[in-house]
Amino acid sequence: MSARSVFGDAPFASSAKKFIEDFKRDTHPNKVNLAGREYLGEHGQTTWLPLIRKIMQQIATDPTLIPEYTPVLGIPEFSRRATELALGTDSPAILQSRVFGVQTVGCTGAVRLGAELLRTCFCSGSSWSGSVFLSSPCDESLADIFKATGFEDVRYYRYWDAESSGVCVDGMLHDLENAPDHSVVVLFASGHSPTGADLSQEEWKRVAEVTMKRQLFPFILIPAQGLCSGSLEQDAWAVRHFVSLGLEVLCAQSFSHNFGLYGERVGHLLCVLRQNLLAVQSQAERLVQTLWSCPSMDGARVVATVLSNPAHLAEWQDGLKAMAVRCMLIREWLRERLRLLASPGCWENIIKPGGLYCCIGLNAQQVEFLAQRKHIYLLPNGCLNVSAINSRNLDYVTESIHQALTSQL
Amino acid sequence: MSIFGEVPQADPVAVFKLTADFREDQSPNKVNLGVGAYRTDDCQPWVLPVVRKVEKIIAEDHSLNHEYLPILGLPEFRSSASKIALGADSPAIRENRVGAVQCLGGTGALKIGAEFLRRWYNGTDNTKTPVYVSAPTWENHNAVFSNSGFEDIRPYKYWDGEKRGLDLAGLLGDLESAPDHSIFVLHACAHNPTGTDPTQDQWKKIADIMKRKNLFAFFDSAYQGFASGNLDQDAWAVRYFMSHGFELFCAQSFSKNFGLYNERVGNLTVVAKDQDNLNHVLSQMEKIVRITWSNPPSQGARLVAITLNSPELFAEWKDNVKTMADRVLLMRAQLKDKLKSLGTPGTWEHITEQIGMFSFTGLNPKQVEYMIKEKHVYLMASGRINMCGLTSKNIDYVAESIHEAVTRVQ
């Protein structure tokens, strides 16, 4: 064997989540991680609704459940319920059988499968610009997924406007107007990551218009349905609107946040087409086999069990609303404290969006100050996970933010 | 206008179609010898007793947090799973040059390995590196590697239909003529679909050529413990390669030997030259995982980790595995005996010489069709049968059906 490693050409890739590692290594007693992705309860941990815990236990000890491979496309009942959740049970697309769903390994799995499916489908036809539009900013991994599946032209549409602390809709619409034909556009129905900033229904109507006009392909993400506004319908409104206009849509759903099933990896790729459904479904099946063969069962079983039982559904919705309300409450606290401290900046926009994420407009230096000197970790672009704030650390966090904004850095 | 308008229908997967046809069959005598999952003598799937035990432990542990697992998976799973493949006392492990990635089953492990190799092996982004898979092989191997970007996927001679055994000369010949640095997908044990494994001597010959020509060993280990009933014996080939200085990948599946088919528990074990290279590899694999499934599911891995890391549970698991392996061995012996006593033409030694879940019966496609249509015994067109589909209740019927097929259909 040669002396050199056969892996010698592989460079070391530093972790994209360096700030997470820094947090882990930090031994300061007051350290706070505001850069995590999970919803944390008041006690600072991930949490399960009692209902979920009960159902998980039932499933784990159910002697009738047989150990067999899951169907490639996942549990049919899960897919059916996930589809209804996104589109509404009376969606014309469902009634017209123009929809199929695939249970995936989390939202990432759904986006990955969707990207591979789009590439396959585009390549079957003639119109392939290889262009995909993502919001600016967006999670780096989204761009990487599309690049890895063959979309060579990854572009960004304007989205977050730091000055107004909101979405710059005009900029977004302008960028989409000028997109190459048949570009794929990745949109967040609600719960935009990492900013938390979402569009209003009026704004969605305008986006849908441009999408139709320019024949762009919408790939809509629903990362935390029900957790953002507290309403399942509202958080999925954008998808339903696009579908009601007759548009073909891919939709990637995550059940990580709204069921607390992070470790179970429960996701769903919803495909709404005009034609050729069986062929496209067969291609999705083929692609799944090259990725993970078939998905894992447990988490999807829990979701299916809850969504198909009216009593469970009601209990779950209540729990979800409570989580959404808590996030809104924390935002209120943040705004109040920062106002009282007379921190420079406009803090009204903290309470405008719902859900987990919030962008408070700190610059890179200020973010680093918080990490290095105050042991408070935000995402590099100044976004944070509000659920990680609780009554114990609220004072420390807000005072530290105030310091970051007012100190000479 | 729809971008989906011209999408062609993909071919159905043969083994799933077979099961679907089986399900629709109304015959009371029907037997499913198709899909590769374990069945008890009552033809039922089997939850291993140790699995039930550990499931309960997990369900009652309220201290478990429910966060995302690390991208590379549960650490205690990864390390214990690698130990299973390489041996707890493996020098490579001691030398800190063994790492692993928890993956979605064996398929996921193959996928991550393939994606890494396509990017970083034999030059950068070298999609032209030949990938060799055995002729025949598991029907998904080709697709996993080609969808990862490899353009040149070739068969290497393996099954000798006439001899009903390993075509060693052909295999060694293909190794010799392969371009240097080619990737070879090797079945660690219980070859799927033929059930025919190289002997230790034959593995040595294979390893010699691979070392000389710098061919990359990518092991697929889906049946460890299941083949002979002994974990160490089933891992002999992988350990031989490791102890002879190979850097290698081993895609491990715990679907069969733990019966965790739908939990998707897999592990990609990486053996590198040294710790530095290992860390480079793992860091790149983390990037690949991040854009595939982000982080793996927790339940199955937790279960396996708890089992492997507890001496009592580990012993109980090995026992459960042996139960399954023994039943397969029994069915093999009985099938062969029945065919011999029926005087079925041909030799049937291969039934007991082959190992693991599958047997390549040697039935030709016409005979297979007869079996399915006339006798309602479902097997793959290749003649592959899943020994687990045989039970004390149906083995006579199956043996008679084979006898009929062989004597009536040429």
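Numbered from 1 within each chain, the chains take letters A, B, ... in sequence-line order.
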Next on the checklist: I'd like to know if the side chain of A/T290 and the backbone of B/V144 have a donor-acceptor N/O pair within less than 3.5 Å.
Outcome noted: no
Item to check | Under 4.5 Å from a heavy atom of chain A, the part of B/F116 involved | outcome: side chain
Checklist entry - Tell me, which pairs form a salt bridge (Lys or Arg N to Asp or Glu O under 4.0 Å) where one or both residues lie in residues 109-123 of chain A, sequence neighbours left out? => result A/R112-A/E116, A/R112-B/E115, A/E116-A/R119
Checklist entry - Does some side-chain heavy atom of B/R290 sit less than 4.5 Å from a side-chain heavy atom of A/T108? => result yes
Item to check | chain A contact via B/R97 - side chain, backbone, both or neither, heavy atoms under 4.5 Å | outcome: neither
Item to check | Side chain, backbone, both or neither of B/V13 within contact of chain A (heavy atoms, under 4.5 Å) | outcome: side chain
Checklist entry - Hey, does the side chain of A/E248 reach the backbone of B/S2 with a donor-acceptor pair shorter than 3.5 angstrom? => result no
Checklist entry - For the side chain of A/S296 and the backbone of B/E263, is there at least one donor-acceptor N/O pair under 3.5 Å apart? => result no
Checklist entry - Got A/P295 and B/R264 here, is their nearest side-chain heavy-atom distance under 4.5 Å? => result no
Next on the checklist: Using side-chain heavy atoms (C-beta onward) and a distance below 4.5 Å, is A/P11 in contact with B/W120?
Outcome noted: yes
Checklist entry - What option among A/I66, A/T47, A/L291 has the most heavy-atom pairs under 4.5 Å with chain B? => result A/L291
Next on the checklist: Would you say that B/Y261 contacts A/C294 through its side chain, given a criterion of any heavy-atom pair below 4.5 Å between the two side chains?
Outcome noted: no
Checklist entry - Are any non-hydrogen side-chain atoms of A/L118 and B/I3 less than 4.5 angstrom apart? => result yes
Next on the checklist: Just so I understand: if I count every heavy-atom pair under 4.5 Å between each of A/S256, A/G299, A/C271 and chain B, which residue has the most?
Outcome noted: A/S256
Next on the checklist: Is B/R212 in contact with chain A via its backbone, its side chain, both, or neither, using a 4.5 Å heavy-atom distance?
Outcome noted: neither
Checklist entry - Taking non-hydrogen atoms and a cut-off under 4.5 angstrom, which of residues 143-151 of chain A neighbour chain B? => result A/D144, A/I145, A/A148
Listing, residues 275-284 of chain A side-chain donor-acceptor contacts under 3.5 Å, not counting sequence neighbours, or none:
{"unit_1": "A/N276", "atom_1": "ND2", "unit_2": "B/F4", "atom_2": "O", "d": "2.9"}
{"unit_1": "A/N276", "atom_1": "ND2", "unit_2": "B/G5", "atom_2": "O", "d": "3.2"}
{"unit_1": "A/N276", "atom_1": "ND2", "unit_2": "B/V7", "atom_2": "O", "d": "3.0"}
{"unit_1": "A/S282", "atom_1": "OG", "unit_2": "A/A279", "atom_2": "O", "d": "2.6"}
{"unit_1": "A/S282", "atom_1": "OG", "unit_2": "B/A10", "atom_2": "N", "d": "2.8"}
{"unit_1": "A/Q283", "atom_1": "OE1", "unit_2": "A/R286", "atom_2": "NE", "d": "2.9"}
{"unit_1": "A/Q283", "atom_1": "OE1", "unit_2": "A/R286", "atom_2": "NH2", "d": "3.1"}
{"unit_1": "A/Q283", "atom_1": "NE2", "unit_2": "B/P8", "atom_2": "O", "d": "2.7"}

Next on the checklist: Using a 3.5 Å distance criterion without hydrogens, assess whether the side chain of B/N262 forms a donor-acceptor pair with backbone atoms of A/M297.
Outcome noted: no
Next on the checklist: With a 4.5 Å cut-off on side-chain heavy atoms, are B/N214 and A/V6 touching?
Outcome noted: no
Checklist entry - Looking only at heavy atoms, what is the nearest atom pair of A/R265 and B/Y68, with distance? => result NH1-CE2, 3.4 Å
Next on the checklist: Please evaluate residues B/H280 and A/S5 with respect to the criterion side-chain contact (heavy atoms from CB on, under 4.5 Å), reporting the C-alpha separation (whole Å), side-chain torsions for both, the decisive distance (0.1 Å), and the verdict.
Outcome noted: CA-CA 11 Å; B/H280 285 217; A/S5 166; over 6 Å; no
Item to check | Under 4.5 Å from a heavy atom of chain A, the part of B/F216 involved | outcome: side chain
Item to check | Any donor-acceptor pair under 3.5 Å from B/H66 side chain to A/T46 backbone | outcome: no
Checklist entry - Would a 4.5 Å heavy-atom cut-off, applied to side chains only, mark A/R37 and B/S294 as touching? => result yes
Checklist entry - If you check every heavy atom in residues 49-59 of chain A against those of chain B, which residues fall under 4.5 Å? => result A/R53, A/Q57
Item to check | A/F7 side chain reached by B/E247 side chain, heavy atoms, under 4.5 Å | outcome: yes
